[in-house]
Q: 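Quick one: the structure is below, questions incoming.
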Amino acid sequence: MKKTLLVILALFIIILATLAMLLINVRSNNKMLQQENAEYEHYLGKEIYGTELVTLINKAIDNNKKYEVAKDKDGFYIENDTNSVLISIQFQNSEEIYKMEKIFSLGTNQFIDLFNNCIFKSEDIKYHKQTGKIASIVFKQVVE
């Protein structure tokens, strides 16, 4: 009788410890997700200069390289439903939306020279359905 009680008690403690570890892991993952998203959500609805936009583009490209996000035949990152970050930019007097890879390939220094004092505003953020991470952000140049 004592052995049965000890076995049941040991199993209960093991199950309780496993559940506690799972809860800690989930909380840790949620905190990491919030921190990663906050880096981009900070700019939602705010006006930023071209230099800050280049910083975000570099951060997004570094993220995509870190997670080995695939590229299409034209060299643009393909959204992968888990951890890719895509930034698009629409300039004033233009209907065309430019992808971050285009600006990066043409040179961020040239972009800074041309659009350093221009103001951009993020107007649309989308999230990955599977992970809840930032998927894409659209910035529009503000008419000065």
Side-chain angles (χ1 to χ4, degrees), residues 4 6-144:
T4 307
L6 286 175
V7 169
I8 292 173
L9 187 60
L11 286 173
F12 179 73
I13 290 173
I14 291 171
I15 291 171
L16 197 59
T18 303
L19 290 175
M21 293 300 291
L22 287 172
L23 180 63
I24 290 169
N25 190 23
V26 167
R27 284 186 178 175
S28 175
N29 288 341
N30 285 342
K31 188 173 184 175
M32 259 182 47
L33 175 65
Q34 288 174 345
Q35 287 174 345
E36 287 180 22
N37 284 348
E39 292 177 11
Y40 298 99
E41 288 172 341
H42 171 74
Y43 298 101
L44 181 61
K46 292 186 179 179
E47 294 181 348
I48 63 172
Y49 288 103
T51 51
E52 288 178 272
L53 182 54
V54 167
T55 301
L56 279 175
I57 288 171
N58 287 332
K59 190 181 294 187
I61 288 175
D62 287 344
N63 175 78
N64 291 341
K65 286 180 182 177
K66 174 182 170 184
Y67 292 111
E68 299 177 353
V69 177
K71 290 184 177 184
D72 65 11
K73 62 180 173 67
D74 296 323
F76 296 115
Y77 287 106
I78 301 169
E79 188 172 328
N80 64 6
D81 294 331
T82 55
N83 52 22
S84 60
V85 177
L86 306 176
I87 296 177
S88 302
I89 300 140
Q90 183 176 15
F91 296 100
Q92 69 184 28
N93 301 327
S94 175
E95 292 296 319
E96 187 175 352
I97 295 178
Y98 295 89
K99 295 183 178 186
M100 67 180 180
E101 299 88 347
K102 185 77 166 174
I103 291 168
F104 190 78
S105 68
L106 294 174
T108 54
N109 289 334
Q110 185 178 4
F111 182 85
I112 290 172
D113 290 342
L114 296 171
F115 298 101
N116 180 31
N117 293 324
C118 294
I119 297 174
F120 296 88
K121 186 174 183 178
S122 66
E123 296 188 353
D124 187 28
I125 290 184
K126 294 181 182 171
Y127 298 88
H128 292 293
K129 291 179 182 172
Q130 289 182 358
T131 61
K133 289 185 177 185
I134 297 284
S136 66
I137 307 172
V138 176
F139 284 91
K140 293 185 180 180
Q141 185 178 12
V142 176
V143 179
E144 298 174 0

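Keep in mind that what you see is a predicted model, and the values were worked out from it rather than measured. In this chain, residues are counted from 1 in sequence order.
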Q: For residues Leu86 and Glu101, report the shortest heavy-atom separation together with the two atoms involved.
A: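 In this case the closest contact between Leu86 and Glu101 is CD2-OE2, 4.2 Å.
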Q: Asn58 vs Phe104, test: side chain to side chain contact (heavy atoms under 4.5 Å, CB included). Steps then yes/no.
A: CA-CA 8 Å; Asn58 287 332; Phe104 190 78; 3.3 Å; yes
Q: Identify the two heavy atoms, one from Gly132 and one from Tyr127, that lie closest to each other, and give their separation to 0.1 Å.
A: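 Smallest heavy-atom distance, with atoms named: O-CD2, 3.4 Å.
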Q: Report yes if some heavy atom in the side chain of Ile61 is under 4.5 Å from a heavy atom in the side chain of Met100; otherwise report no.
A: yes
Q: First locate atom NZ of Lys99, then atom OG of Ser88, and finally report the distance between them rounded to the nearest 0.5 Å.
A: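 Reported value, rounded in 0.5 Å steps: 7.0 Å.
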Q: For Lys59, does the NZ atom sit with more than 12 other heavy atoms under 6.0 Å from it, leaving out its own atoms?
A: yes
Q: Between Phe111 and Leu106, is any pair of side-chain heavy atoms under 4.5 Å apart?
A: no
Q: State the OG1-CD1 distance between Thr55 and Ile112, to the nearest 0.5 angstrom.
A: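 Between Thr55 OG1 and Ile112 CD1, I get 7.0 Å after rounding to 0.5 Å.
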Q: Within the structure provided, determine whether Phe76 and Lys102 are in side-chain contact (heavy-atom separation under 4.5 Å).
A: yes
Q: Quick check: do Glu52 and Phe120 have side-chain heavy atoms less than 4.5 Å from each other?
A: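 No. Closest side-chain heavy atoms not under 4.5 Å.
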Q: After noting the C-alpha distance and the side-chain angles of Phe139 and Glu123, does the key distance pass the side chain to side chain contact (heavy atoms under 4.5 Å, CB included) rule?
A: CA-CA 6 Å; Phe139 284 91; Glu123 296 188 353; over 6 Å; no
Q: Of the non-hydrogen atoms in Asn64 and Ser84, which two are nearest, and what is the gap between them?
A: OD1-CA, 3.5 Å
Q: Measuring only between side-chain heavy atoms, which start at C-beta, is Asp62 closer than 4.5 Å to Lys66?
A: no
Q: For the CD1 atom of Ile125 and the CD atom of Glu41, what is their distance to the nearest 0.5 Å?
A: 6.0 Å
Q: Between the side chain of Asp72 and the main-chain N/O of Tyr77, is any donor-acceptor distance below 3.5 Å?
A: no
Q: Measure from the side-chain N and O atoms of Thr18 to the backbone N and O of Ile14, and report whether any donor-acceptor pair falls under 3.5 Å.
A: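 Confirmed, Thr18 side chain pairs with Ile14 backbone.
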Q: Rounded to the nearest 0.5 Å, what separation is found between the CG atom of Leu22 and the CZ atom of Arg27?
A: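 One finds 12.5 Å between CG of Leu22 and CZ of Arg27.
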Q: For a 4.5 angstrom cut-off between non-hydrogen side-chain atoms, does Leu56 reach Ile48?
A: yes
Q: Can you measure from OG1 (Thr51) to CG (Asn117) and round to the nearest 0.5 angstrom?
A: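 If I round to the nearest 0.5 Å, the distance is 8.5 Å.
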Q: Under the 3.5 angstrom rule, does the side chain of Ser122 hit a backbone N or O of Gly45 as a donor-acceptor pair?
A: yes
Q: Checking side-chain polar atoms at under 3.5 Å, does Asp113 have a donor or acceptor matched by the opposite partner on Asn116?
A: no
Q: List the atom of Gln90, the atom of Ser94, and the distance in Å for their closest heavy-atom pair.
A: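 Nearest pair, atom of Gln90 first, then Ser94: NE2-O, 3.1 Å.
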Q: Are the side chains of Leu33 and Asn29 in touch, meaning some heavy atoms are under 4.5 Å apart?
A: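 The answer is no, as the side chains (C-beta and beyond) never meet within the 4.5 Å cut-off.
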Q: How long is the span from the CG atom in Asn83 to the CD1 atom in Ile134, to the nearest 0.5 Å?
A: 13.0 Å
Q: Among Thr82, Asn80, Val85, which residue satisfies the side-chain contact (heavy atoms from CB on, under 4.5 Å) criterion with His128?
A: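 Going through the options one by one, the only one that passes is Asn80.
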Q: May I have the step-by-step check of ring-ring contact (aromatic ring centres under 6.0 Å, His included) for Phe91 and Phe115, ending in yes or no?
A: CA-CA 10 Å; Phe91 296 100; Phe115 298 101; 4.8 Å; yes
Q: Could Lys121 and Glu47 be called an ion pair, given the rule that one side-chain N must be under 4.0 Å from one carboxylate O?
A: no
Q: Let me know which of Val138, Ile97, Ile57 forms a side-chain contact (heavy atoms from CB on, under 4.5 Å) with Ile89.
A: Ile57
